[in-house]
Amino acid sequence: MTSESHKNTEKKIWLPLPDPFSFEHCLDFLNRNSYESLHEVHPNKVIKLLKLEGQLYLTEIACWEKMMGLRCLNRAWTTAAEKAATQYVTMLFDLDRDLKSFYLQMSEEPLMGDLTRQFRGLRMIGFPDLFEALCWSVIGQQINLSFAYRLKQRLVTTYGSKLFWKGKHYYTFPDPQTVSGISENEFRNWQYSASKTNYLQNVAQQMVTGSLNLESLQRMPTEAAISRLLEIKGIGPWSAHYVAMKCLRRPEAFPQQDVGLHHAIKLRTGASEKPSTKQLEKLGRKWHPWQGYATFYLWHTLIVS
DNA sequence: CTCCAGGTCCATA
DNA sequence: TATGGACATGGA
């Protein structure tokens, strides 16, 4: 019996990898900031706490040849959890995407051609959880990324679900119900601005009531989904496109206002100024329908070099 | 010290 | 419809 349960705990979930796929490039992206509180990156694997079917699964994600393997460290997979975990990592690593037409379209593009070769197999790392995506877009507004990660860290380590494993705590992003109960004072003590506090409470509230949910957004065409997101106080054009890119996984979403994108373009072109709105619009038209993927690849240049 | 970070809202004209 | 200021904090 003990050997049987041990065997269950060791059972791996196997997923076929798309071609091309580079786990290494994906790990580089996941490892971009040392204040990240929602996963831990190792040389050949990433460890992440998942809440599936109401239970915590500390999951080790690794790749062999053409397969991705998921091992749960603290319990045995149930059938339902196995399915949910598969969906989760499929979204996280954008495994369903066929990148052939992206690479074909960009291969001769001055700004992108080299990147499609240098980062070949890099997938857009997504947010399977809509609430997390919205919160992160609000937190990231206007402030530098290191500070944004620290703001997130306080929220996550205080209110996320947690699991202690081999001397360390692992966390999930808190759910909307929990965040909607956090007082304004507490946010302020954590150095959240008054507006970020309001926006987060508002987003949490709308998720709790169900007026905002991933399923209905996923059913909408990209333009309609972005319009719906823009109705939310605190979600402007940048955030709406960011969420459409990283959570709804629309490759044509384009956070044109993103200063990181501007910086990356400036560095690559050697220009003395950041690109103008007109230049960005022109690039957007040229990259269509892969603006989001192009943006993601350009972001990647900022962490690798 | 000043300027700017993976922006957005609100007041004012 | 367009533009300017406020926002919290930290790094360059």
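Under the side-chain hydrogen bond (donor to acceptor under 3.5 Å, both in side chains) criterion, A:Gln279 pairs with A:Ser276, not counting sequence neighbours. For the side-chain contact (heavy atoms from CB on, under 4.5 Å) test, residues two or more places apart in sequence or in another chain that qualify with A:Arg32 are A:Phe29, A:Tyr149, A:Ile303. Annotation: side-chain hydrogen bond (donor to acceptor under 3.5 Å, both in side chains) contacts of A:Gln153 (sequence neighbours excluded): none. Residues forming a salt bridge (Lys or Arg N to Asp or Glu O under 4.0 Å) with A:Glu36 (at least two apart in sequence, or on another chain): A:Lys152. For the side-chain contact (heavy atoms from CB on, under 4.5 Å) test, residues two or more places apart in sequence or in another chain that qualify with A:Glu82 are A:Lys11, A:Ile13, A:Trp77. For the side-chain hydrogen bond (donor to acceptor under 3.5 Å, both in side chains) test, no residue two or more places apart in sequence or in another chain qualifies with A:Thr79. Partners of A:Tyr159 under the side-chain hydrogen bond (donor to acceptor under 3.5 Å, both in side chains) rule, at least two apart in sequence or in another chain, are A:Glu186. In terms of the salt bridge (Lys or Arg N to Asp or Glu O under 4.0 Å) criterion, A:Arg150 has no residue partners (sequence neighbours excluded).
Between A:Phe254 and A:His241, the gap from one ring centroid to the other reaches at least 6.0 Å.
In this structure, CD of A:Gln257 is placed 15 Å from C1' of B:dC9, rounded to the nearest angstrom. Rounded to whole Å, atom C1' of C:dG10 lies 16 Å from atom OH of A:Tyr192. We find that OH of A:Tyr35 is positioned 16 Å from C1' of B:dA5, with the value rounded to whole Å. The NE2-C1' distance, from A:His262 to B:dC4, rounds to 14 Å in whole Å. Counting to the nearest Å, the C1' atom of B:dC9 and the CD atom of A:Gln201 are 17 Å from each other. One atom, NZ of A:Lys196, and another, P of B:dC9, lie 12 Å apart when rounded to the nearest Å. What separates NZ of A:Lys274 from C1' of B:dC3 is a distance of 12 Å, to the nearest Å. Between the CG atom of A:Asn198 and the C1' atom of B:dG7 there is a distance of 15 Å, rounded to whole Å.
Between A:Phe102 and A:Trp290, the ring-plane angle classifies as tilted under the 30° and 60° cut-offs. Under the 30°/60° scheme for interplanar angles, the aromatic rings of A:Tyr297 and A:Tyr293 are found to be tilted. Using a 30° and 60° split on the angle between ring planes, A:Phe23 and A:Phe21 fall in the parallel class, below 30°. Relative orientation of the A:Phe119 and A:His300 rings is perpendicular, given thresholds of 30° and 60° on the angle between their planes.
Comparing the same atom, C1', in B:dA5 and in C:dA2 gives a spacing of 25 Å after rounding to whole Å.
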How does DNA chain C read in dot-bracket, base by base from 5' to 3', with Watson-Crick or G-U pairs under 3.5 Å and | used when the partner is on another strand? |||||||.||||

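Residue contacts shown for A:Lys246 are absent, as no nucleic acid heavy atom lies under 4.0 Å away. Across all strands shown, A:Pro255 has no heavy atoms under 4.0 Å from either base or sugar-phosphate atoms.
Contacts of residues 132-150 of chain A with DNA chain C (heavy atom under 4.0 Å): A:Gln142, A:Ile143, A:Asn144, A:Phe147, A:Arg150. Using a 4.0 Å cutoff on non-hydrogen atoms, the parts of residues 223-235 of chain A near DNA chain B are A:Ile232, A:Lys233, A:Gly234, A:Ile235, ordered by number. Residues of residues 275-290 of chain A having a heavy atom closer than 4.0 Å to DNA chain C: none are found.
The salt bridge (charged side-chain N to carboxylate O under 4.0 Å, His left out) with A:Lys45 is formed by just one residue from the set A:Glu40, A:Glu60, A:Glu24; it is A:Glu60.
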